[in-house]
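First comes the structure, then the notes that go with it.
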Amino acid sequence: MDKTLRIGVLAVQGNFREHAAVLRRLSVEPVEVRLPEELEGLDGLILPGGESTAITRLMRLYGLDEALRSFDAPIFGTCAGMIVLDREHLGLADIRVARNAFGRQVHSFEADLDISDADGPLRAVFIRAPWIEDAGPDVEILAEVDGHPVLARDGRILVAAFHPELTDDTRIHELFLNLVREASSVGA
Amino acid sequence: MAETGTMRVKSGLAEMLKGGVIMDVVNADQAKIAEASGAVAVMALERVPADIRADGGVARMSDPEVIQEIQEAVTIPVMAKCRIGHFAEAQILEALEIDYIDESEVLTPADLAHHVDKWKFTVPFVCGATNLGEALRRLTEGAAMIRTKGEAGTGDIVNAVTHMRAVFGHIRRLSSLAEEELYTEAKNVQAPYELVRWVAEHGRLPVVTFTAGGIATPADASLCMQLGADGVFVGSGIFKSGDPERRAKAIVEATTHYNDPEILARVSAGLGEAMVGISTQTLDPSQLLETRGW
């Protein structure tokens with residue numbers, strides 16, 4: 001708890017700057033990750049939104065896909081980041097994700113999301129967003145839109161179909177940092 | 001409860017494109033090559049800017065058939081251009097569920113005084129700008145993303161650099177002004193005071209800012225990113241070159257690793273011929289596209 005957490009933000013493409021800004025607001029040091037060696041010593045990693053085809057290709061090209069498979073700290077994937085973590089990509093979360101499930105940009109939306117929190121619903125921004133089509137037995141579904149899971153936890157992996165970095169509400173990032181603190185106290 | 005078309009949702013898509021390359025394509029095959037090369041979006045066109053420039057005549061919105069063929073070929077966002085002020089073309093593009101509309105100086109302007117009122121649309125707009133005032137006027141009209149114009153279809157980066165220096169340099173100077181000086185500055189740049197003040201306080205535009213016009217090499221992409229662009233549009237530079245696929249991949253890598261000269265050297269090697277290009281200094285002022293927009 002005493003040491004400053006170092007959280008990586010995958011920075012090959014996408015909305016990494018805003019994730020880094022939220023981390024700074026929560027007094028955590030963000031580290032931009034473009035190459036495998038930059039994963040060293042991190043307490044956790046965020047895979048941001050972006051275009052999953054572009055991100056997947058750039059990760060493979062520089063060996064980040066293999067490096068992530070052996071990275072054992074907590075990972076938080078938002079939107080494209082959630083896709084990258086699913087069974088058909090890195091296979092780190094036991095979920096199958098439907099891409100662009102809510103439709104093209106004209107159908108992108110923001111809505112109040114019930115996250116079963118005493119502080120009330122969370123305003124969530126969905127951009128050409130995916131949803132979770134299928135989840136394994138150990139996956140905990142934390143929020144849904146029209147019956148489609150959009151926030152879930154599978155052990156040390158947290159995934160969101162929306163963009164908590166685009167609003168001022170930091171609860172989802174705090175949830176992730178709690179996972180990180182749990183994991184590092186167990187590890188230490 | 002669910003709200004579509006809010007500014008946060010519109011500018012949000014541009015946020016996701018950051019650090020990426022948006023490529024001009026004229027058919028499904030090119031769109032697939034662009035997607036496989038790591039493009040974050042494609043711009044669906046009938047002709048790339050270099051051909052529009054060579055052909056002359058009136059350049060209009062693309063045939064919806066071309067646009068739909070491209071939409072069906074890829075899963076990444078598809079953008080398309082409407083003429084400046086041509087809100088009917090924009091309405092058609094919205095009906096096609098295009099992901100972003102580029103109100104573009106590359107097409108022949110339809111209105112010599114007014115741009116499209118972009119607040120009326122659910123689909124977000126990107127607009128070109130050569131300086132800060134122009135960028136802020138477009139934002140006032142509801143644009144959710146800005147691209148510095150450069151000079152499209154030339155393969156010459158010099159105008160893109162001029163426009164980025166104008167926009168980003170002006171923002172830096174704005175941040176040093178006293179509060180009372182901002183009122184006069186708003187008058188000088190012909191933009192609303194509230195926006196000028198926001199930019200002065202935050203040191204950036206309130207939306208994502210890409211660069212376009214004349215990018216032809218990985219080094220060009222790196223230059224733009226180092227000068228402060230959030231990402232790049234590549235128009236004629238890819239599919240007018242000798243080996244489009246290889247060049248597309250190299251420009252994508254250069255945009256991610258723009259600060260790593262060793263990677264840039266590797267991806268720049270052996271790309272074959274770049275597009276031939278035209279030096280913008282040799283163009284007659286009447287041939288310039290960047291001066292379109294008001």
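A note on names: the letters A, B, ... follow the listed sequences, proteins ahead of strands, and every chain is numbered from 1. Side-chain atoms are counted along with the backbone in the values below, which use heavy atoms only and exclude waters and symmetry mates. The shown structure was predicted, so the numbers you read here are calculated from the model rather than taken from an experiment.
Ranked by heavy-atom pairs shorter than 4.5 Å toward chain A, the options Gly12(B), Ser11(B), Gly5(B) are led by Gly12(B). Between chain A and the residues Glu94(B), Lys10(B), Glu253(B), the largest count of heavy-atom pairs under 4.5 Å involves Glu253(B). Per-residue heavy-atom pair counts under 4.5 Å with chain A were compared for Leu17(B), Thr75(B), Thr122(B), and the maximum is reached by Thr75(B). The candidate with the highest count of non-hydrogen atom pairs below 4.5 Å against chain A, out of Ile263(B), Ile98(B), Thr255(B), is Ile263(B).
The backbone N or O of Val78(B) lies less than 3.5 Å from no partner atom in the side chain of Gln105(A), so there is not a single donor-acceptor pair.
Neither the backbone nor the side chain of Arg60(A) comes within less than 4.5 Å of any heavy atom of chain B. For Arg34(A), the parts sitting under 4.5 Å from any heavy atom of chain B are the backbone and the side chain alike. Looking at Ile55(A), neither its backbone nor its side chain comes within 4.5 Å of chain B, counting heavy atoms on both sides. Using a 4.5 Å cut-off between heavy atoms, Thr53(A) touches chain B through its side chain atoms alone.
Once rounded to the nearest 0.5 Å, the distance linking NE2 of His107(A) with CG of Asp99(B) reads 9.5 Å. The NZ atom of Lys249(B) lies 11.5 Å from the CG atom of Leu58(A); values are rounded to the nearest 0.5 Å. We find the OG-CE distance between Ser108(A) and Met16(B) to be 9.5 Å, quoted to the nearest 0.5 Å. Atom OG1 of residue Thr6(B) and atom CD of residue Glu110(A) lie 3.5 Å apart, to the nearest 0.5 angstrom.
Interface residues of residues 33-42 of chain B toward chain A, defined by a heavy-atom distance below 4.5 Å and sorted by number: Glu35(B), Ala36(B), Ser37(B), Gly38(B), Ala39(B), Val40(B). Near-neighbour residues of residues 11-20 of chain A relative to chain B, defined by a heavy atom under 4.5 Å from a heavy atom of that chain, comprise Ala11(A), Val12(A), Gln13(A), Gly14(A), Asn15(A), Arg17(A), Glu18(A). Of residues 125-156 of chain A, those residues with a non-hydrogen atom less than 4.5 Å from any non-hydrogen atom of chain B are, in numerical order, Val125(A), Ile127(A), Arg128(A). Of all residues spanning residues 160-175 of chain A, those with a heavy atom less than 4.5 Å away from chain B's heavy atoms are His163(A), Glu165(A), Leu166(A), Thr167(A), arranged by number.
The two residues Ala2(B) and Ala111(A) make their nearest non-hydrogen contact at CA-CB, 4.0 Å. For Thr4(B) against Phe109(A), the heavy-atom pair with the smallest separation is CG2-CB, 4.1 Å.
The local environment of CD in Glu37(A) is crowded, with over 12 non-hydrogen atoms from other residues, nucleotides or ligands closer than 6.0 Å.
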